[in-house]
Participant: 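Below you will find the structure I want to go over with you.
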Amino acid sequence: MPILLDGEKTAQIIKNELKEEIKKAGLRPGLAVVLVGKNPASRVYVRHKKKACAEVGIKSFSYELPAETTQYELMELIEKLNLNKKIHGILVQLPLPEQINEQKIIQSVDPKKDVDGFHPLNAGRLMLGLPGFRPATPLGIIELIKRYNLDLVGQHAVIVGRSNIVGKPLFQLLLSEHATVTMCHSKTKNLLEITKQADILVAALGQPRFIKKNMVKKGAVIIDVGINRLRSGKLVGDVDFDKVKNITEAITPVPGGVGPMTIAALLINTVEAAGCIH
Ligand code: GUN
């Protein structure tokens, strides 16, 4: 039987730890959560993030702006948040409406409050192995693997999907954990030949049930980052879970795997930004 990597349970353990840290430090961490427009998935994510903040004792400051918000208006808000001493972390939910330049917004966040780890300064620090904020999904994945005591050192990790939010930062994090890392993407030739070599296979490409049983080595650890809603309404990952699970050593479910760990990692970053953890 494969180990089910329970992100829900692990996130709960982390939240309990953070609650204690916050109490011990006697601080009140503050997180600004900025949502522009009415993207339904973004609204759900933001709701989950704010709820998790409340659970551990982080005060969330919610900013919901209309879809027509200009880049200038959003930057003005971020400048105010950068200066607000009650706010230790700033999260601008992506994607942003098309009239707004996402990179300009990311770069306007004070790197010391960049709990998403998207600012080029933090991305560069990650690349160089220096301290800094790490993006939440990759950080949550590493946390999940470690808390299940699964091996990383010398393991061949294969990532499918090269996004700035997941694939690229996860590549660096796995490398800093001494894994041997291969990055695959939509133009990769002979994808199956590569995924079949993976000791740890990370699916982060956003295609429902893309990773099939014949692409997976027996005994591999499977991390599924995908959240895809089928027309039936069912949520599925990027891995064909029912067919793949039995040949794996361990696998994340969708939902209840990487998703809750992403939120837990955001909380870790926010508590760190507030100076509760040194
Ligand atoms: N959109 C999808 N994932 C994320 C994330 O981790 N942070 C933010 N801010 N937006 C996202």
Side-chain angles (χ1 to χ4, degrees), residues 29 31-36 42 45-46 49 71 74-75 77-79 81-82 87-98 100-146 152 157-188 200 202-206 223 225-227 258-259 261-275 277-278:
L31 175 68
V33 181
V34 182
L35 175 63
V36 185
S42 290
Y45 296 144
V46 160
K49 289 173 184 178
Q71 184 169 307
L74 184 54
M75 279 171 102
L77 170 63
I78 292 170
E79 271 164 37
L81 301 175
N82 281 340
I87 289 173
H88 305 94
I90 300 170
L91 179 147
V92 182
Q93 187 65 31
L94 304 180
L96 289 167
E98 58 184 22
I100 298 177
N101 181 326
E102 223 157 73
Q103 265 310 314
K104 288 243 166 77
I105 295 303
I106 287 170
Q107 290 176 33
S108 71
V109 173
D110 181 343
K112 291 197 281 302
K113 298 190 177 187
D114 173 37
V115 287
D116 257 330
F118 293 166
H119 192 287
L121 190 97
N122 283 314
R125 288 183 149 268
L126 168 59
M127 166 103 191
L128 298 173
L130 297 172
F133 292 114
R134 311 311 196 206
T137 301
L139 182 60
I141 291 170
I142 298 290
E143 204 56 43
L144 187 63
I145 292 173
K146 284 187 173 174
L152 280 166
V158 174
I159 304 169
V160 187
R162 56 178 156 176
S163 70
N164 287 345
I165 292 181
V166 182
K168 287 187 209 165
L170 182 59
F171 186 100
Q172 297 296 339
L173 275 182
L174 286 165
L175 200 56
S176 65
E177 297 292 339
H178 312 291
T180 302
V181 195
T182 301
M183 175 69 87
C184 300
H185 48 79
S186 52
K187 304 269 192 300
T188 298
I200 300 168
V202 182
L205 66 156
I223 306 292
V225 184
I227 304 177
V258 173
M261 291 305 295
T262 294
I263 294 181
L266 168 70
L267 302 179
I268 293 174
N269 283 348
T270 305
V271 168
E272 206 160 289
I277 306 174
H278 295 285

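Throughout, numbering of the chain's residues begins at 1 and tracks the sequence. From a predicted model like this one, the values you see are computed outputs, not experimental measurements.
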Participant: Give the minimum heavy-atom separation between Gly167 and Ile159, together with the two atoms involved.
Facilitator: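 Shortest heavy-atom separation between Gly167 and Ile159 comes out as O-CD1, 3.8 Å.
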Participant: Output, in order, the C-alpha distance, side-chain angles, deciding distance and verdict of side-chain contact (heavy atoms from CB on, under 4.5 Å) for Ile145 and Ile223.
Facilitator: CA-CA 9 Å; Ile145 292 173; Ile223 306 292; 4.1 Å; yes
Participant: Just so I know, are the side chains of Ile227 and Tyr45 near enough to count as touching, which here means a heavy-atom distance under 4.5 Å?
Facilitator: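 Ile227 reaches Tyr45 side chain to side chain.
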Participant: Would you confirm whether Asn82, through its side chain, and Ser108, through its main-chain N or O, come within 3.5 Å as a donor-acceptor pair?
Facilitator: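 Yes; at least one donor-acceptor contact below 3.5 Å.
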Participant: Looking at every non-hydrogen atom in both residues, tell me the closest pair between Phe133 and Ala273 and how far apart they are.
Facilitator: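 Scanning both residues, the minimum pair turns out to be CZ-CB, 3.6 Å.
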Participant: Could you work out, with salt bridge (Lys or Arg N to Asp or Glu O under 4.0 Å) as the rule, every residue matching Lys146, not counting sequence neighbours?
Facilitator: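 With neighbours one apart ignored, the set is Glu177.
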Participant: Measure the spacing between CG of Leu170 and CD1 of Ile165 and express it to the nearest 0.5 Å.
Facilitator: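 So the gap between those two atoms works out to 13.0 Å.
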Participant: Any side-chain to backbone donor/acceptor pair from Lys113 onto Leu81? Under 3.5 Å, distance only.
Facilitator: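 A pair under 3.5 Å: yes.
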Participant: For Thr182, give me all partners under side chain to side chain donor-acceptor pair (under 3.5 Å), at least two apart in sequence or on another chain.
Facilitator: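 Only His156 meet the side chain to side chain donor-acceptor pair (under 3.5 Å) criterion with Thr182.
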Participant: Could you tell me if the side chain of Leu267 sits less than 4.5 Å from the side chain of Val115, heavy atoms only?
Facilitator: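 When only atoms from C-beta onward are counted, Leu267 and Val115 do not touch, as no gap falls below 4.5 Å.
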Participant: Heavy atoms only: give me the nearest Gly117-Pro135 pair and the separation to one decimal.
Facilitator: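 Heavy-atom minimum between the residues: O-CG, 3.6 Å.
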Participant: Show the atom names and distances, to 0.1 Å, of all donor-acceptor pairs under 3.5 Å that link a side chain in residues 88-98 to residues at least two apart or in another chain.
Facilitator:
from  : atom 1 : to    : atom 2 : distance (Å)
His88 : ND1    : Gly30 : N      : 2.9
Gln93 : OE1    : Lys49 : NZ     : 2.7

Participant: I need the full list of side chain to side chain donor-acceptor pair (under 3.5 Å) pairs touching residues 116-134, with sequence neighbours left out, sorted by first then second residue.
Facilitator: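 For residues 116-134: Asp114-Asn122.
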Participant: Write down the atom of Leu77, the atom of Val34, and the distance for their closest heavy-atom approach.
Facilitator: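 Minimum heavy-atom contact is CD2-CG1, 4.1 Å.
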Participant: I'd like to know whether Leu31 forms a side-chain contact (heavy atoms from CB on, under 4.5 Å) with Ile87, so could you lay out the CA-CA distance, the side-chain angles of the two residues, the decisive distance to 0.1 Å, and finally the verdict.
Facilitator: CA-CA 6 Å; Leu31 175 68; Ile87 289 173; over 6 Å; no
Participant: Would you call Val158 and Val202 a side-chain contact if the rule is heavy atoms closer than 4.5 Å?
Facilitator: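 They are not in side-chain contact.
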Participant: Under the side chain to side chain contact (heavy atoms under 4.5 Å, CB included) rule, collect the residues that match up with Thr262, sequence neighbours excluded.
Facilitator: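 So Thr262 forms a side chain to side chain contact (heavy atoms under 4.5 Å, CB included) with Ala136, Thr137, Val258.
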Participant: Side chains of Leu35 and Ser42: does their closest heavy-atom pair fall under 4.5 Å?
Facilitator: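 Yes, side chains in contact.
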Participant: Can you tell me how far CD1 of Ile100 sits from CD1 of Ile105, rounded to the nearest 0.5 angstrom?
Facilitator: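 If I round to the nearest 0.5 Å, the distance is 6.0 Å.
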Participant: Nearest 0.5 angstrom please: Ile78 CD1 to Gln107 CD, how far?
Facilitator: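 Spacing of CD1 (Ile78) from CD (Gln107) equals 11.5 Å.
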Participant: Please enumerate all residues that pass side chain to side chain donor-acceptor pair (under 3.5 Å) together with His185, with sequence neighbours excluded.
Facilitator: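 Residues passing side chain to side chain donor-acceptor pair (under 3.5 Å) with His185: Arg162.
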Participant: At their closest point, which heavy atom of Met261 faces which heavy atom of Leu144, and how far apart are they?
Facilitator: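 Heavy atoms only, the tightest pair is CE-N, 3.8 Å.
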Participant: How far does CD of Glu143 sit from CG of Leu139, to the nearest 0.5 angstrom?
Facilitator: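 These two atoms lie 6.0 Å from each other.
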Participant: Side-chain contact, heavy-atom cut-off 4.5 Å: Phe118 with Asn164?
Facilitator: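 No; the side chains remain at least 4.5 Å from each other.
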Participant: Counting only heavy atoms from other residues, nucleotides and ligands, does the tally under 6.0 Å from CE of Met183 exceed 12?
Facilitator: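 Enclosed.
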